[in-house]
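What you are looking at is a predicted structure, and each value in this text was computed from that prediction instead of being measured.
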Amino acid sequence: MTNPTISLIEQRVSANLFDASHVLTDAEIERLVHLATRAPTAYNLQNWRFIAVRTPESKARLRSVAQDQPKVSDAAVTFIICGVLPDHEILAERLRPSVEAGFMPAAMVVGWQEGARQQYADPRMARDEAVRSATFGAATLMHAAEAMGLASGPMVGFDAEGVARAFGLMPVEVPVLLLAVGRAAPGNWPQKPRRPLAEILEVA
């Protein structure tokens, strides 16, 4: 019997066509993001933010800086998924629940803080980490949507500075991608064929 998670991965498509009449409740949106935050982040920084764009006015604002893509408006919600530049100073707070749960020694926190401070002193490394965290969260959100019977369509065709202005992003927030989520409309393509493993896999 095929594992249901594997089935979801094998059948997921990047949807372009959505049922514009479909609505997601607050609880459904919260559930999607709750699941997305189960993705990993370095040092457990959880350095991401999810903006659920749902109202017609907000969708129009987003669509104007996203190459006028119809799925921004047609999907029940379009998420702006932001990575946040890592800040070692907030790490103690992020790690406190692990210490209180008893599986992380309190003495380890200072070492992790110093490691993060050194690693992200380079602005390029800090931005790379923000992008990684947002991407992990987005991928998990896509599969969560599939598990909830929803379609999703990731987008990188947008003006990042325009998104930042239109939605008041902080300087430390990097809009990495948009993700439309909702009920698929007829006409979406099936999953496109992938390259053979012989071309992309090396076992060393």
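The CZ atom of Phe103 sits 11.0 Å away from atom CE of Met108, with the distance rounded to the nearest 0.5 Å. With values rounded to the nearest 0.5 angstrom, Asp122 atom CG is found 5.5 Å from Arg124 atom CZ. Summarising the geometry, atom OG1 belonging to Thr135 is positioned 6.5 Å from atom CG belonging to Leu177; distances are rounded to the nearest 0.5 Å. Summarising the geometry, atom CG belonging to Asp74 is positioned 8.5 Å from atom CG belonging to Leu17; distances are rounded to the nearest 0.5 Å. Here the NE2-CD distance, from His88 to Glu114, works out to 7.5 Å after rounding to the nearest 0.5 Å. Of the inter-residue distances, the one linking Asp159 atom CG with Arg165 atom CZ reads 6.0 Å to the nearest 0.5 angstrom.
No more than 12 heavy atoms of other residues, nucleotides or ligands shown are found within 6.0 angstrom of CD on Glu161. Around atom CZ of Arg127, no more than 12 heavy atoms belonging to other residues, nucleotides or ligands sit under 6.0 Å away. For Arg194, the CZ atom sits in a packed shell: over 12 heavy atoms of surrounding residues, nucleotides or ligands are nearer than 6.0 Å.
Nearest heavy atoms, Ala66 versus Leu178: CB-CD1, 3.8 Å. Pairing each heavy atom of Ala52 with each of Phe79, the nearest pair is CB-CE2, 3.8 Å. The heavy-atom pair separating Ser152 from Met142 by the smallest distance is OG-CG, 3.5 Å. Across all non-hydrogen atoms, the minimal contact from Ile80 to Pro175 is CG2-CB, 4.3 Å. Counting all heavy atoms, side chain and backbone alike, Ala39 lies closest to Thr140 at CB-OG1, 3.3 Å. In this structure, Gln46 and Thr41 approach most closely via the heavy-atom pair N-OG1, 2.9 Å.
Placement of Val77 and Leu62 in two distinct hydrophobic clusters is found when ILVMFWY residues are connected by side-chain heavy-atom separations under 4.5 Å, directly or transitively. Hydrophobic clustering of Ile, Leu, Val, Met, Phe, Trp and Tyr side chains at less than 4.5 Å, counting indirect connections, keeps Phe18 apart from Leu150. By the criterion of side-chain heavy atoms lying less than 4.5 angstrom apart, applied directly or through intervening Ile, Leu, Val, Met, Phe, Trp or Tyr residues, Leu45 is grouped together with Val109 in one hydrophobic cluster. When hydrophobic clusters are built by joining Ile, Leu, Val, Met, Phe, Trp and Tyr residues whose side-chain heavy atoms come closer than 4.5 Å, directly or via intermediates, Met148 is grouped together with Ile81. Clustering ILVMFWY residues whenever any of their side-chain heavy atoms sit less than 4.5 angstrom apart, transitively, puts Leu201 in a cluster other than the one holding Ile9.
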- Item | Verdict with supporting geometry, Phe50 and Leu141, side chain to side chain contact (heavy atoms under 4.5 Å, CB included) | CA-CA 10 Å; Phe50 301 80; Leu141 200 159; 4.0 Å; yes
- Kindly determine whether Leu85 and Tyr120 satisfy side chain to side chain contact (heavy atoms under 4.5 Å, CB included), including the steps that lead there. CA-CA 9 Å; Leu85 299 179; Tyr120 304 125; over 6 Å; no
- Item | CA sep, side-chain torsions, deciding dist, call: Met155, Gln67, side chain to side chain contact (heavy atoms under 4.5 Å, CB included) | CA-CA 10 Å; Met155 292 169 269; Gln67 301 179 2; over 6 Å; no
- Trace of the side chain to side chain contact (heavy atoms under 4.5 Å, CB included) decision for Asn16 with Trp189: CA-CA 9 Å; Asn16 282 306; Trp189 293 356; over 6 Å; no
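Side-chain N or O atoms of Glu173 include none that pairs as donor or acceptor with a backbone N or O of Arg49 at under 3.5 Å. Remark: side-chain polar atoms of Asp19 are not paired, donor with acceptor, to backbone N or O of Ala185 under 3.5 angstrom. The backbone N or O of Thr78 sits nowhere less than 3.5 Å from a side-chain atom of Lys71 that would complete a donor-acceptor pair. Remark: side-chain polar atoms of Gln191 are paired, donor with acceptor, to backbone N or O of Arg12 under 3.5 angstrom. Using a distance-only test at 3.5 Å, with no hydrogens or angles considered, no donor-acceptor pair links the side chain of Glu93 to the main chain of Ile90.
Between Arg61 and Ser58, the side chains place a donor N or O and an acceptor N or O closer than 3.5 Å (distance only, hydrogens not considered).
Electrostatic pairing of Arg31 and Glu28 does not count as a salt bridge here, judged by no charged N lying under 4.0 Å from a carboxylate O. Salt bridge Asp26/Arg54: present, at least one basic N to carboxylate O contact under 4.0 Å.
The residue from Leu169, Val174, Val172 that alone fulfils the side-chain contact (heavy atoms from CB on, under 4.5 Å) condition with Cys82 is Leu169.
Take Arg63 and apply the side chain to side chain contact (heavy atoms under 4.5 Å, CB included) test, not counting sequence neighbours, and it matches Asp68, Pro70, Val72, Ser73.
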